[in-house]
Visitor: 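Pasting a structure here, questions to come.
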Amino acid sequence: MESGNGHQEPYRANSFSRESSLASSLSLSRSLPLFISTNDVDCESVSEAGDIGDRSLRRRHSSGRSNRLFSSEDLLEQGTDDGTSRQEQGVLHNTSSVIKPLPEHMTTSPLPTKSLLSPETNNPVKKEEPVLPKSLEYISCLIHLAVFGILGAITRYLMQKLFGPSVARVTSDGSILYLDLPSNMVGSFLMGWFGVVFKADITKVSEFLAIGLSTGYLGSLTTFSGWNQKMLDLSADGKWLYAVLGFLLGLFLASYSIILGVETAKGFRWLLQRKASSSSKEERNSCLEVNTVKSHIVSMTLMVVLLVALLTVSATQLVKEFDKGTSEAQLWLGCLVAAPGVWLRWFLARLNGRGVGKDGQYLRWVPFGTVVANVAAASAMAALATLKKSVDTRTCNTVASSIQFGLLGCLSTVSTFMAEFNAMRESDYPWRAYAYASFTIVVSFAIGTVIYSVPVWVVGFS
């Protein structure tokens with residue numbers, strides 16, 4: 001190659017192998033829609049730290065493998081899933097005819113980079129293909145989300161009673177220690193374990209179990225809409241300082257709960273890795289993996305049985321308690337409407353990491369799915385609170401409170417919110433974490449003030 005070709009100099013500094021020449025060529029083309037830059041990857045990773053919804057299933061079917069290293073062909077294929085137009089794909093596929101790679105003697109690396117880029121070529125292990133049709137995977141996800149979502153709502157109710165005025169007397173409706181504060185802290189702590197540190201290990205066993213635990217159980221155990229509504233109640237009573245302190249204290253405790261969860265989970269993981277040998281670990285993981293059609297069908301059948309049992313118990317208990325208008329009646333009716341809230345939040349999570357504008361090049365670090373879910377649930381909860389005060393009947397209070405607790409409580413989440421907040425705080429742009437949290441809280445509280453507090457002040461509800 002002649003030394004006078006100055007436009008090819010960048011290749012000499014960054015080329016490591018023939019397999020990486022295409023990626024290096026793409027990185028030099030400013031005219032291409034380069035979605036794999038370091039900044040874009042960082043933005044997308046922090047916004048997808050909590051949940052990406054059904055996109056995880058679509059990636060499995062598009063790539064044919066859920067946990068493998070991406071080659072240059074994978075990056076080109078990923079453009080189809082991320083909204084890259086066919087014209088742009090054509091430009092990407094034709095780059096080899098415009099920019100020629102270097103000769104082999106200048107790109108050969110002394111390191112075994114080929115095995116790193118293409119592990120399938122050197123490892124004859126069978127690829128991890130999806131074993132279920134796409135429709136059955138969706139159904140299995142919905143069933144797992146429903147079961148774990150109901151269990152999360154029941155756990156939240158029990159923690160309200162345990163730490164509330166009737167037992168421990170730690171939390172109450174009229175203080176900055178709102179009723180859902182313990183569940184938000186516990187859910188955020190567990191999110192550090194099962195939604196951050198051990199999520200990949202749980203996914204290896206069963207991706208549906210990982211989705212059920214993080215999105216279903218922990219997402220429903222915590223609630224942003226309930227937190228926002230309690231602060232609205234304080235502001236409507238004129239306790240503005242309590243409302244501000246309630247938001248600050250709630251954010252502080254939840255954020256440090258997930259930090260504590262991540263750190264303790266890392267320590268526990270280190271102990272496990274030190275104690276167990278790699279061979280025994282691989283054998284144990286292979287025994288636990290749900291990676292066959294039979295195991296998936298058995299798992300889905302068990303989840304269906306458990307879901308039917310939960311719905312049957314909830315319906316039976318609701319019939320007994322509904323006329324009494326007790327909190328138990330609100331619990332059981334809330335369990336019956338909890339699943340749609342979890343499903344809607346899961347579907348909205350597909351917006352995380354998408355960004356706005358043409359090809360989503362702006363604000364990719366904002367998890368818009370979580371923002372929409374939390375703000376919408378908080379607004380709807382404020383509307384139902386206004387309805388309860390205006391109608392003020394036992395039946396209306398029971399139905400509205402049940403929807404607030406079940407549907408809207410499971411639609412909003414603090415655990416996912418904190419996972420995204422923590423990822424942004426640890427990124428190269430920590431200010432994004434506080435901007436994201438402030439925007440979500442301020443917008444939800446402002447809309448709730450218009451919907452709930454203003455009618456209370458104007459009409460004079462008790």
Side-chain angles (χ1 to χ4, degrees), residues 41-53 55-56 59-60 66-69 128 141 144-145 148-149 151-152 155 182-222 251-278 280-291 345-346 349 352-353 365 367 370 413-428 430 432-433 436-437:
V41 172
D42 181 69
C43 292
E44 189 171 357
S45 62
V46 297
S47 62
E48 295 178 351
D51 195 6
I52 60 173
R55 282 164 57 198
S56 60
R59 286 180 179 178
R60 278 168 54 100
S66 60
N67 296 310
R68 64 169 174 160
L69 296 176
E128 185 184 342
C141 273
H144 280 74
L145 287 170
F148 283 99
L151 293 177
T155 307
S183 60
N184 285 346
M185 292 176 60
V186 172
S188 299
F189 175 84
L190 295 178
M191 189 67 166
W193 276 69
F194 305 115
V196 178
V197 177
F198 289 104
K199 187 173 184 179
D201 300 278
I202 300 174
T203 302
K204 291 179 182 179
V205 176
S206 173
E207 186 172 0
F208 308 122
L209 178 61
I211 294 174
L213 278 175
S214 60
T215 305
Y217 182 76
L218 298 180
S220 300
L221 171 60
T222 61
L251 180 63
F252 175 82
L253 293 178
S255 61
Y256 273 90
S257 293
I258 193 172
I259 292 173
L260 180 61
V262 170
E263 295 301 324
T264 54
K266 287 181 179 179
F268 185 71
R269 186 188 187 94
W270 178 80
L271 291 176
L272 291 179
Q273 291 176 346
R274 187 176 181 180
K275 183 178 180 180
S277 63
S278 59
S280 61
K281 181 179 179 181
E282 291 177 358
E283 293 176 359
R284 183 170 61 253
N285 288 340
S286 62
C287 295
L288 294 176
E289 287 181 0
V290 182
N291 53 8
R345 173 162 48 85
W346 183 63
N352 293 342
W365 59 273
T370 307
T413 177
V414 171
S415 59
T416 304
F417 180 53
M418 285 298 103
E420 297 157 350
F421 177 87
N422 189 59
M424 294 178 190
R425 191 185 56 82
E426 294 180 346
S427 68
D428 295 334
R432 291 174 173 174
Y436 167 52

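The structure displayed is predicted, hence computed values, not measured ones.
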Visitor: Can I get a per-line list of side-chain donor-acceptor pairs under 3.5 Å for residues 257-268, giving both atom names and the distance, sequence neighbours left out?
Guide:
| residue | atom | partner | partner atom | Å |
| --- | --- | --- | --- | --- |
| Ser257 | OG | Leu253 | O | 2.6 |
| Thr264 | OG1 | Trp193 | NE1 | 2.9 |
| Thr264 | OG1 | Leu260 | O | 2.8 |
| Thr264 | OG1 | Gly261 | O | 3.1 |

Visitor: Just verifying a value: how many Å separate Ser415 OG and Met185 CE, rounded to the nearest 0.5 Å?
Guide: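 That separation rounds to 14.0 Å.
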Visitor: CD1/Ile211 to CD1/Ile52 distance, rounded to the nearest 0.5 angstrom?
Guide: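 Separation between the atoms: 8.0 Å.
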Visitor: Run the ring pair (Phe, Tyr, Trp, His ring centres under 6.0 Å) test against Phe421 and tell me which residues pass, sequence neighbours left out.
Guide: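 Phe421: ring pair (Phe, Tyr, Trp, His ring centres under 6.0 Å) contacts with Tyr434.
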Visitor: Indicate yes or no: at least one non-hydrogen side-chain atom of Asn422 is less than 4.5 angstrom from one of Met191.
Guide: no
Visitor: Excluding sequence neighbours, so at least two apart, what forms side-chain hydrogen bond (donor to acceptor under 3.5 Å, both in side chains) with Ser188?
Guide: none
Visitor: Could you report the tightest heavy-atom contact between Leu218 and Gly187, atom names first, then the distance?
Guide: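 Distance-wise, the nearest heavy atoms are CD2-O, 4.1 Å.
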Visitor: Walk me through it: do Leu145 and Thr215 pass the test side-chain contact (heavy atoms from CB on, under 4.5 Å)?
Guide: CA-CA 7 Å; Leu145 287 170; Thr215 305; 3.8 Å; yes
Visitor: Going through the distances and angles, do Met418 and Thr413 end up as a side-chain contact (heavy atoms from CB on, under 4.5 Å)?
Guide: CA-CA 9 Å; Met418 285 298 103; Thr413 177; over 6 Å; no
Visitor: Can you list everything that forms a ring pair (Phe, Tyr, Trp, His ring centres under 6.0 Å) with Phe194? Sequence neighbours excluded, please.
Guide: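 Once residues adjacent in sequence are excluded, Phe194 has no partner under the ring pair (Phe, Tyr, Trp, His ring centres under 6.0 Å) criterion.
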Visitor: Take atom CZ of Phe198 as the centre, draw a 6.0 Å sphere, and report whether it contains more than 12 heavy atoms from other residues, nucleotides or ligands.
Guide: yes
Visitor: Quick one: CG on Leu251 to OH on Tyr256, what's the gap to the nearest 0.5 Å?
Guide: 10.5 Å
Visitor: How close do Thr222 and Ser183 get, heavy atom to heavy atom, and via which atoms?
Guide: CG2-O, 3.5 Å
Visitor: Report the C-alpha distance between Leu209 and Phe148 in whole Å, list the side-chain angles of each, state the deciding distance to 0.1 Å, and finish with yes or no for side-chain contact (heavy atoms from CB on, under 4.5 Å).
Guide: CA-CA 9 Å; Leu209 178 61; Phe148 283 99; 3.8 Å; yes
Visitor: Looking at Trp365 and Met424, what are the two nearest heavy atoms and their distance?
Guide: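 Of all heavy-atom pairs spanning Trp365 and Met424, the closest is O-CE, 3.1 Å.
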Visitor: Might you point out which heavy atoms bring Arg55 and Ala349 nearest each other, and give the distance in Å?
Guide: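 So the minimum-distance heavy-atom pair works out to NH1-O, 4.4 Å.
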Visitor: Hey, does Asp51 have a side-chain heavy atom less than 4.5 Å from the side chain of Thr370?
Guide: no
Visitor: Looking at every non-hydrogen atom in both residues, tell me the closest pair between Val414 and Ala254 and how far apart they are.
Guide: CG1-CB, 4.1 Å
Visitor: From Leu221 CG over to Leu213 CG, what is the distance, rounded to the nearest 0.5 angstrom?
Guide: 11.5 Å
Visitor: What pair of heavy atoms forms the shortest contact from Thr203 to Ala210, and how long is it?
Guide: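 Smallest interatomic distance, heavy atoms only, reads OG1-CB, 3.5 Å.
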Visitor: To the nearest 0.5 Å, what is the distance between CD on Glu207 and NZ on Lys199?
Guide: 9.0 Å
Visitor: Give the C-alpha distance, both sets of side-chain angles, the deciding distance and a yes or no for side-chain contact (heavy atoms from CB on, under 4.5 Å) between Leu190 and Val186.
Guide: CA-CA 6 Å; Leu190 295 178; Val186 172; 4.0 Å; yes
Visitor: Got a sec, which residues hit side-chain contact (heavy atoms from CB on, under 4.5 Å) with Ser220, two or more places apart in sequence or on another chain?
Guide: Val342, Arg345, Cys410
Visitor: With sequence neighbours left out, what residues match Thr155 under side-chain hydrogen bond (donor to acceptor under 3.5 Å, both in side chains)?
Guide: Tyr217
